[in-house]
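Order of the sequence lines sets the chain letters (A, B, ...), proteins ahead of strands, with each chain counted from 1.
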4 protein chains.
Amino acid sequence: MAEQEKNQESFARGRRRSSQSHQAILQAAREVLEQVGYQAMTIEAIAARAGVGKKTIYRWWPSKAAVALESLTSHTEVYVPFPDTGSLERDLTLYFELSFPGLQGKSGTVLSGLAAEAQLDPVFAHEFQRTFIVPRKQELVALLQRGLQRGELAPDTNLEVLADLIYGAKWYRFLLHPAPLDDVFAREIVKLILRLRSEASRT
Amino acid sequence: MAEQEKNQESFARGRRRSSQSHQAILQAAREVLEQVGYQAMTIEAIAARAGVGKKTIYRWWPSKAAVALESLTSHTEVYVPFPDTGSLERDLTLYFELSFPGLQGKSGTVLSGLAAEAQLDPVFAHEFQRTFIVPRKQELVALLQRGLQRGELAPDTNLEVLADLIYGAKWYRFLLHPAPLDDVFAREIVKLILRLRSEASRT
Amino acid sequence: MAEQEKNQESFARGRRRSSQSHQAILQAAREVLEQVGYQAMTIEAIAARAGVGKKTIYRWWPSKAAVALESLTSHTEVYVPFPDTGSLERDLTLYFELSFPGLQGKSGTVLSGLAAEAQLDPVFAHEFQRTFIVPRKQELVALLQRGLQRGELAPDTNLEVLADLIYGAKWYRFLLHPAPLDDVFAREIVKLILRLRSEASRT
Amino acid sequence: MAEQEKNQESFARGRRRSSQSHQAILQAAREVLEQVGYQAMTIEAIAARAGVGKKTIYRWWPSKAAVALESLTSHTEVYVPFPDTGSLERDLTLYFELSFPGLQGKSGTVLSGLAAEAQLDPVFAHEFQRTFIVPRKQELVALLQRGLQRGELAPDTNLEVLADLIYGAKWYRFLLHPAPLDDVFAREIVKLILRLRSEASRT
DNA sequence: AGGTAACCGAGACGGTACGTCGTGTCTTTGC
DNA sequence: GCAAAGACACGACGTACCGTCTCGGTTACCT
C-alpha cells in the first residue's frame, strides 16, 4: 500500500506512523469482516474495534475497500501458491482445487465485495488491479508458459487470452453465475484447455 | 418486473396515473444514470426528477439496482441479438463485435454498477441472474450447440463450461482486468475456441 | 501571564523559553484574529502561522483564549489611559470617547470573544477578571473617587456600585443590546451620573 | 421561534412538523442542560435523549444555542414578571430580588452560555436580542416610565440610557465581574437610581 | 568537556462532535 | 382513495480541532 517511502529519511520529521495502530486496524478489519461481512463493515466499526481514531484510518487508506484489501492480502493464508509439478494438467487442476475453498464463506464475501467496490470506485479499481488481479494473472500466464515449453500447448497459443478465459470462467461463476465452483468444474475446464494441444490447422 | 397493470382503466381512481409514473421513473432513472453514473444515482434523485414520491418507487422496486436494471433492459437498444449465420466462427466473432460497444461509456458503467450491486445485495443478485445473466448464457449455449451440431465442435464438448469460459473472459476484462475489449480480443478468443474442434484424445 | 518564574533559577536546567517563539505566537495570534475573528481562530492555525509546534503553545498557555488575551494586552495600543483633567464630567466623557473606538471592528470581536470564553471556561474567567476586568474597574473607581473628593459626587455615594452601573451600561450595549456605542450615548450617561451630585435626602 | 407559518395553509403539502418531536427535543435539551451544563451540551446528546434524528433538530433550529434558548423560554418559570406596586423603589427592588435567583445555579449557566454564544454567532445574537434582551429592556423602560409619571424621576430623564445602566450593572456582575448578585447590591443600585429624582440643574 | 534536562518544530495519535447524506417508513393533504 | 410532498428515525459519512505523544534535534546549565 505504501512502500514508496524509501529515500525520504532525509526529511522525515514529526512522529512516525505507529505500526501498532497499523496492525490493530488490519486485525480489526479482519474481525469485523468475519463478523458482519464486507457490505456491513464500516470505517467507524473498524476504528472502534481497533481503539483508533477514524482520522488515523483515513490518513493511510482512502476507503474501506483499501483497508479490506490490505487486511486480506496481509494475511498470508489467503495467498494460493501456483503449483509447478511438471504437468500442465496437474498444475491447473491443483491450482483450481486449492483456490476454490478461499472463495467460499466469509473470505469469499470479502473478495466479491472488493470486486464490487472496484466497479464503483475507479481509484480503488486501479489499486485492486495493481496489487491483486494483475500479479495473479501474470503467475497464471507463467504457469501456462511452462506448459507450452513442455509442448503441452500449441506453440502459437495466445497465453494472455487463454489466461483471460481461465480466470474469466472462475470469476464468472464466482461473481455472476449461480453455478458451483467445485472439482467437477475444475476438471471440465482443464479438459477443455488440454484440447488446445493441437496445432491450429487453419484460421 | 411490473407488467401487471393491464386491465385497470375500469376502476380508474387515480390508478391510471400508475403506468405513467412507472414510465416516468424509468425515464428519470435513465437520465440520472446518464448524468451522474450508477454509483452517484439515488432513489431521491430519481423521485425528484420523475416528479414522484419516493414511496411510489419503493412500492414497485426493492432497490435502486432493481430500478436501474429495469431501466436498462426496458430500453431495447441494449439487447444484443445472438447471430445465426451458419458458421460458429462468424457467429462468435459477430456476437463479440456487436456486444463490446455496449460495454463502453455510460451504459457500461450501469452494467458494471449492477454487477457490483449483485455482489453486495443477495436479493438483487438473484434477480440479476434470473433476468440478465442466465438468459444470455442460455442463448450462448444455444449458439454453441448449433456449431456442435454442424461439427464445428467436438461432440463431447461440455457446452456449459465452454460458455463459462467465453462469457467469463468477456466479463473478466470488463470488470476486473485492465485490458481492452476490442476486435483483436474477439478474434483471439474465437481462434482459441475453434481449436476445440478436435476430438478429445485421452484425458 | 507567566511571571511566576522568579525564584527558580536554582534548578533551572535545560533550554530556556524561546522569546522568539513567544513573540511569533502572539504575532501570529494577532494576524489570525485579524483575518478570521476570534471564533474561527484555532490553536492549529496559530501554530502553523507562527511556524511553531502546537506543544509549544500548550506549554505556555492553557487555551486559545489565554493566547488571545495576552496577544491583546501585549499590544499597548489597546490600553486606554484613564484621564485626570480635574473635572468628573470631562474625565468620564473623555474616557468613553477614547474607549469606544477600540470596541469597534476586529479588536472588538476579540474582546467579545474573550467575554464569551469567560462564560464557558471558569479557569479563563478567573484569569480574564484578574488581568483585565478588575484592574480597569479599580481605575474607574479611582477616577470617581477623585470626583467625589472634589465634591462632584455626594460623599456617601457607593462608588463600587456606581462603577458597576457605568461599566455595565458600556458592556451591556457592547455585548447584548443592539444599540450604538457613540458620543451621544457617552453624553447621556454622563448627564445621568452627574445628577448624583445631590445629597441623598432619605432612603 | 417559528411562528411565521400562518397564512400558508394554502400550499401546506407533505407531513407536518411533529409537535411530539418538537416537545421531546425541548424537554431533552432541558434535561441535558441540567445534567452537564450549556458548554458540554451537544446536539447529538439532545437527539439521542429525545429519540430523534439529528436531522430533525437541524431542520428546525440553526444551532444548539437556538435550541437552548427556546428550551429556556418555553418553560414559563424562567419568566420574571415586572412588578407594578405604585412605587418605583419597591418595583425596582422587587424586580431585582425576583430575578437574581434565576441567575444562580444551572439556569444561570444556561443564560451565560447563551450570552457567550451571542458573542460567537451573529445570527444567534440577533435572535437572542429579538426574543430575550429587547423585550425585557422594554418592560424595564415601561416600569421606569410609570415611576417618571408619578414624579419619582426627573421628567427629562433618558429612560433608555437609564435602563442600560440598570440592566448593565446586573449583567456586568453576572457575566464579568466577580461580585455577588444579592439584596445588598439591589438596594445600593436602587438607592443610586432614586437620587435621580432631582431636576437636572445644569450640564 | 560532557551529561542531561528542558526546550523546540513537526506531525501522528485517540477522541469527540460536527453537519450532511441517503435510506426506507410515516403522515398529511390535495386531486 | 391514491399519491405528491416531505418530515421522520436512523446511522455512517468524512472533516475539523482538540490536547497528548513521539521523534530527532538544539540550547545551556551543572557537574
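Applying the salt bridge (charged side-chain N to carboxylate O under 4.0 Å, His left out) test to C:Glu44 and every residue at least two apart in sequence or in another chain returns C:Lys54. Residues passing the ring pair (Phe, Tyr, Trp, His ring centres under 6.0 Å) test with D:Phe124 are D:Phe128, sequence neighbours excluded. Judged as a side chain to side chain donor-acceptor pair (under 3.5 Å), and not counting sequence neighbours, the contacts of D:Ser18 are D:Ser21.
Between C:Thr56 and A:Ala47, the residue anchored nearer the 5' end of DNA chain E, judged by the nucleotide with its closest heavy atom, is C:Thr56. Comparing C:Gly53 and A:Ser19 along DNA chain E, the residue whose closest nucleotide (by nearest heavy atom) sits nearer the 5' end is C:Gly53.
Legend: side chain to side chain donor-acceptor pair (under 3.5 Å) pairs involving residues 112-121 of chain D, not counting sequence neighbours, sorted by first then second residue: D:Tyr38-D:Glu117.
Counting heavy atoms from C-beta on, the side chains of C:Leu111 and C:Phe132 come closer than 4.5 Å.
Contact check, C:Ser21 against E:dG9: a side-chain N or O comes under 4.0 Å of OP1 or OP2. Between E:dC13 and A:Trp60, a contact under 4.0 Å exists linking OP1 or OP2 to a side-chain N or O. For A:Arg16 and E:dG11, the shortest distance from a side-chain N or O to OP1 or OP2 is not below 4.0 Å.
Here the P atom of nucleotide F:dC2 and the CD atom of B:Gln20 are 17 Å apart, to the nearest Å. Spacing between atom CD of B:Gln39 and atom C1' of E:dT23 amounts to 15 Å, rounded to whole angstrom units. If you take CD of D:Glu117 and P of E:dC18, they are 11 Å apart, rounded to a whole angstrom. The CZ-P distance, from D:Arg49 to F:dA9, rounds to 16 Å in whole Å. Between the CD1 atom of B:Ile57 and the P atom of E:dG22 there is a distance of 14 Å, given to the nearest Å. When rounded to the nearest whole Å, the span between CZ of D:Arg59 and C1' of E:dC26 equals 13 Å. Distance CD1 (D:Ile46) to C1' (E:dA17): 12 Å, rounded to an integer number of Å. Note: NE2 (D:His22) to C1' (F:dC8) measures 15 Å, nearest angstrom.
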Reading nucleotides 15-20 of chain F from 5' to 3' and marking B where a protein heavy atom lies under 4.0 Å of the base, S where only the sugar-phosphate is that close, and - otherwise, the string is B-SBBB

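A distance-only check finds no donor-acceptor pair linking the side chain of D:Ser19 to the backbone of D:His22 [under 3.5 Å].
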Just list the side-chain donor-acceptor pairs under 3.5 Å for residues 23-33 of chain C, sequence neighbours left out, or say none.
residue: C:Gln27; atom: OE1; partner: C:Arg30; partner atom: NH1; Å: 2.8
residue: C:Gln27; atom: NE2; partner: C:Glu31; partner atom: OE2; Å: 3.0
residue: C:Arg30; atom: NE; partner: C:Ser71; partner atom: O; Å: 3.1
residue: C:Arg30; atom: NH2; partner: C:Ser74; partner atom: OG; Å: 3.0
residue: C:Glu31; atom: OE1; partner: C:Arg49; partner atom: NH1; Å: 2.4

